[in-house]
Amino acid sequence: MSHRSANLLHPDQHGYYGDFGGAFVPEMLYPNVRELQENYLKITATKKFRSAFEKLLKDYVGRPTPLFYAENLSRQYHTNIYLKREDLCHTGAHKINNTIGQVLLAEALGKTRIIAETGAGQHGVATATVCALKGLECVVYMGEKDIERQAPNVARMKMLGAKVVPARSGSKTLKDATNEAIRDWINHAADTYYIIGSVVGPHPYPDMVARFQSVISREIQKQLKKITGNELPSYVIACVGGGSNAAGAFYHFIEEKKVKLVAVEAAGLGIKSGMSAATTQLGTTGILHGSKSLLMQTADGQVTEPHSISAGLDYPGIGPLHANLYTSKRAEFLSATDGEALAAAFNLSKKEGIIPALESAHALAVLNNKKFRKSDVVVICLSGRGDKDLATYMDNL
Amino acid sequence: MNKLDQLFKNKKEPVLNVYYTAGFPELESTTEVALSLQKHGADIIEIGIPYSDPIADGPVIQQSNMQAIANGISIAKIFEQLESVKSQLTVPVVLMGYLNPVLQFGMERFCAAAARAGISGVILPDLPMYEYEKFYEKIFREYKLHLIFLVTPETGIGRIEKADKLSGGFLYAVSSSATTGNNAAMNGQEVYFKKLQQLRLKNSFLIGFGVRDKATFDLAGKYAAGAIIGTAYIKALQSLKNIDQATAEFLQSIRPAHIIKPVNI
Ligand SMILES: Cc1ncc(COP(=O)(O)O)c(C=O)c1O
């Protein structure tokens with residue numbers, strides 16, 4: 001019972017990447033999901049949309065973001081390390097590439113109310129930001145535990161005019177915030193657009209979000225070509241919560257078989273500790289939040305509560321595109337523990353003067369576990385900056 | 001003949017389908033609640049399979065799901081419980097659950113066990129029609145189980161007809177786009193209910209979501225073959241009364257004049 005799509009990059013018409021994807025939503029959401037499925041490619045292909053999207057990415061977000069040759073890190077690891085500086089995006093992470101795209105889509109569809117879920121608060125801030133820009137009502141669902149550990153982002157969202165609603169069920173983190181956002185959507189289906197923050201959710205979200213984030217790899221190609229003469233790196237490394245920064249950083253390299261793709265999941269206290277969020281290591285095929293993918297769950301199909309020090313990676317699933325990259329072995333999936341991520345964050349801060357987000361620090365952490373050649377070109381997606389994580393960093397200084 | 005088909009063929013007054021969550025309030029309540037519902041006149045018993053992430057449910061049913069999971073409920077356990085009272089249950093029993101736990105159990109194994117336990121129908125709100133036709137319809141037919149699809153006020157006519165064609169037993173008419181337990185759901189939906197009435201569907205339809213008392217049940221009965229009550233009954237089960245007393249009082253409050261036929265076992 002497999003859906004064979006033509007390639008790893010694009011899902012088939014039902015939203016399947018190989019065996020993963022689809023749109024498993026209750027009938028209450030069918031009209032909304034259908035409307036998106038029928039319109040997202042049409043609208044995003046229009047000249048009007050493209051020029052508005054590109055203009056905002058340039059003048060508002062500050063794109064292109066630099067591709068920075070990290071000389072000290074390169075010396076440390078005896079290779080050539082480039083950091084794709086998504087941390088320099090307006091609001092401090094790659095998340096805004098997607099929210100700009102989706103808010104323009106919501107506008108084109110005539111929606112007047114925006115909802116979002118958030119883990120680290122970066123997607124919530126990015127959504128609140130574009131809603132402020134467009135004068136749209138904005139409600140952000142956030143797990144109670146995340147509200148505590150990402151306080152600065154909660155304050156930012158409020159200052160931007162968004163309403164932040166705590167999700168109090170389950171593990172009180174990203175999964176539960178997503179449940180609450182979906183319930184809100186069901187209860188306000190007519191006027192509300194749901195801006196999902198990662199490459200998860202029912203079709204067409206995974207493909208749509210990957211397309212909006214693909215600007216990351218498009219720029220990497222151009223920048224590398226200019227710097228090294230070759231647009232293809234040896235490696236692209238990115239952390240995976242739901243997988244949007246990884247999808248964006250991999251996108252234009254997925255079909256370039258020479259480029260090694262490395263996805264880094266959060267191992268939490270260790271894969272076997274029972275306190276982990278390493279979905280490919282601990283998960284099996286299941287359905288969560290509208291798509292079939294790999295999922296951490298019990299034998300009875302109850303979703304397991306994950307753990308990561310990083311709120312943005314504290315999620316028991318991954319997007320269907322990544323589940324397919326994993327099972328097809330196109331990408332290598334590694335993991336970093338809470339401690340390894342912290343150490344990598346301190347290392348980058350001291351060596352390069354860049355304080356990374358805890359999420360991005362997971363991608364940096366695998367530099368210790370992989371052997372690179374001196375001539376390799378290693379691109380790491382530095383998905384966000386660490387301001388939001390200062391409280392956690394201070395506890396570990 | 002499937003018990004649901006029999007029920008709708010012979011029905012004279014609006015059908016009352018009562019939902020509750022398996023394994024709630026206690027792990028072993030599943031059978032006691034079912035027998036009590038039957039005893040006090042429910043026409044269909046809809047048993048919820050608890051799931052950690054019930055996205056179409058409001059806080060009351062969410063909480064009952066969490067409690068049931070904490071009590072140790074599982075699909076295997078539910079079938080074990082239902083088999084133990086199979087000979088005593090004469091009313092049709094429908095299982096309602098989210099797709100993930102059912103898929104982990106295995107769809108074929110699920111249908112086989114459901115048939116063995118005397119189940120008449122299954123509601124899987126997050127199973128798309130496309131997936132059902134492609135992968136599971138054959139299995140449901142093989143085990144003579146009805147799958148019951150949902151429609152809402154926003155469902156187009158062509159799609160309602162398709163849901164009707166694929167469904168058996170009855171069609172689940174969600175009163176409005178809402179999660180369960182939303183009291184506003186039943187307000188102002190007469191045009192939609194009339195539309196369903198006039199479509200000459202193959203199946204009878206039952207209205208659910210927001211039906212909670214005599215007034216809303218009677219309103220549903222004006223247009224539909226009956227109604228489904230969930231949240232309000234879960235609330236009744238949360239009261240400190242014993243299950244049988246709570247059930248008797250609850251059903252009495254919904255249909256005070258209803259004459260309960262003695263159950264022949
Ligand atoms: C900086 C940063 N990186 C990564 C992530 C993880 O999300 P994704 O896997 O979708 O990139 C988040 C999520 O909040 C984030 O804030």
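All chains are named by letter (A, B, ...) in the order of the sequence lines, taking the proteins before the strands, and each is independently numbered beginning at 1. Note that this is a predicted model, so its numbers are computed, not measured.
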Non-hydrogen atoms of chain B under 4.5 Å away: do they reach the side chain of [X], the backbone, both or neither?
X: A:Val25; answer: backbone
X: A:Thr285; answer: backbone
X: A:Leu29; answer: neither
X: A:Glu180; answer: side chain
X: A:Ala23; answer: backbone
X: A:Phe24; answer: both

For chain A, find which of B:Pro54, B:Pro125, B:Ala178 contributes the most heavy-atom pairs closer than 4.5 angstrom.
B:Ala178
Against A:Gln302, only a single residue in B:Asn65, B:Ile69, B:Asp53 fulfils side-chain contact (heavy atoms from CB on, under 4.5 Å); can you say which?
B:Ile69
Measure the spacing between [atom1] of [X] and [atom2] of [Y] and express it to the nearest 0.5 Å.
X: A:Trp185; Y: B:Ser177; atom1: CH2; atom2: OG; result: 10.0 Å
X: B:Glu154; Y: A:Arg34; atom1: CD; atom2: CZ; result: 15.5 Å
X: A:Asp300; Y: B:Lys77; atom1: CG; atom2: NZ; result: 12.5 Å
X: A:Ile182; Y: B:Thr179; atom1: CD1; atom2: OG1; result: 12.0 Å
X: A:Leu288; Y: B:Ser52; atom1: CG; atom2: OG; result: 7.5 Å
X: A:Asn187; Y: B:Asn182; atom1: CG; atom2: CG; result: 5.0 Å

Heavy atoms of other groups near [X] [atom1], more than 12 under 6.0 Å:
X: A:Glu35; atom1: CD; value: yes
X: B:Lys202; atom1: NZ; value: yes
X: B:Lys195; atom1: NZ; value: yes

Measure distances from [X] to the heavy atoms of chain A and classify the residue's part below 4.5 Å as side chain, backbone, both or neither.
X: B:Leu99; result: side chain
X: B:Ile55; result: both
X: B:Gln62; result: side chain
X: B:Val151; result: backbone

Looking at B:Asn100 and A:Gly301, would you say the former's side chain and the latter's main chain have a donor-acceptor pair under 3.5 Å?
yes
Hey, does the side chain of B:Thr152 reach the backbone of A:Met28 with a donor-acceptor pair shorter than 3.5 angstrom?
no
Residue selection (most heavy-atom pairs with chain B, distance under 4.5 Å) from A:Ala299, A:Ala189, A:Gly286, A:Pro202:
A:Gly286
A:Lys175, A:Arg183, A:Glu305, A:His289: which one forms the most heavy-atom pairs within less than 4.5 Å of chain B?
A:Arg183
Do the side-chain N and O atoms of A:Glu27 and B:Thr155 include a donor-acceptor pair separated by under 3.5 angstrom?
yes
Minimal heavy-atom distance between B:Tyr51 and A:Ile287, with the atoms involved, is OH-O, 3.3 Å
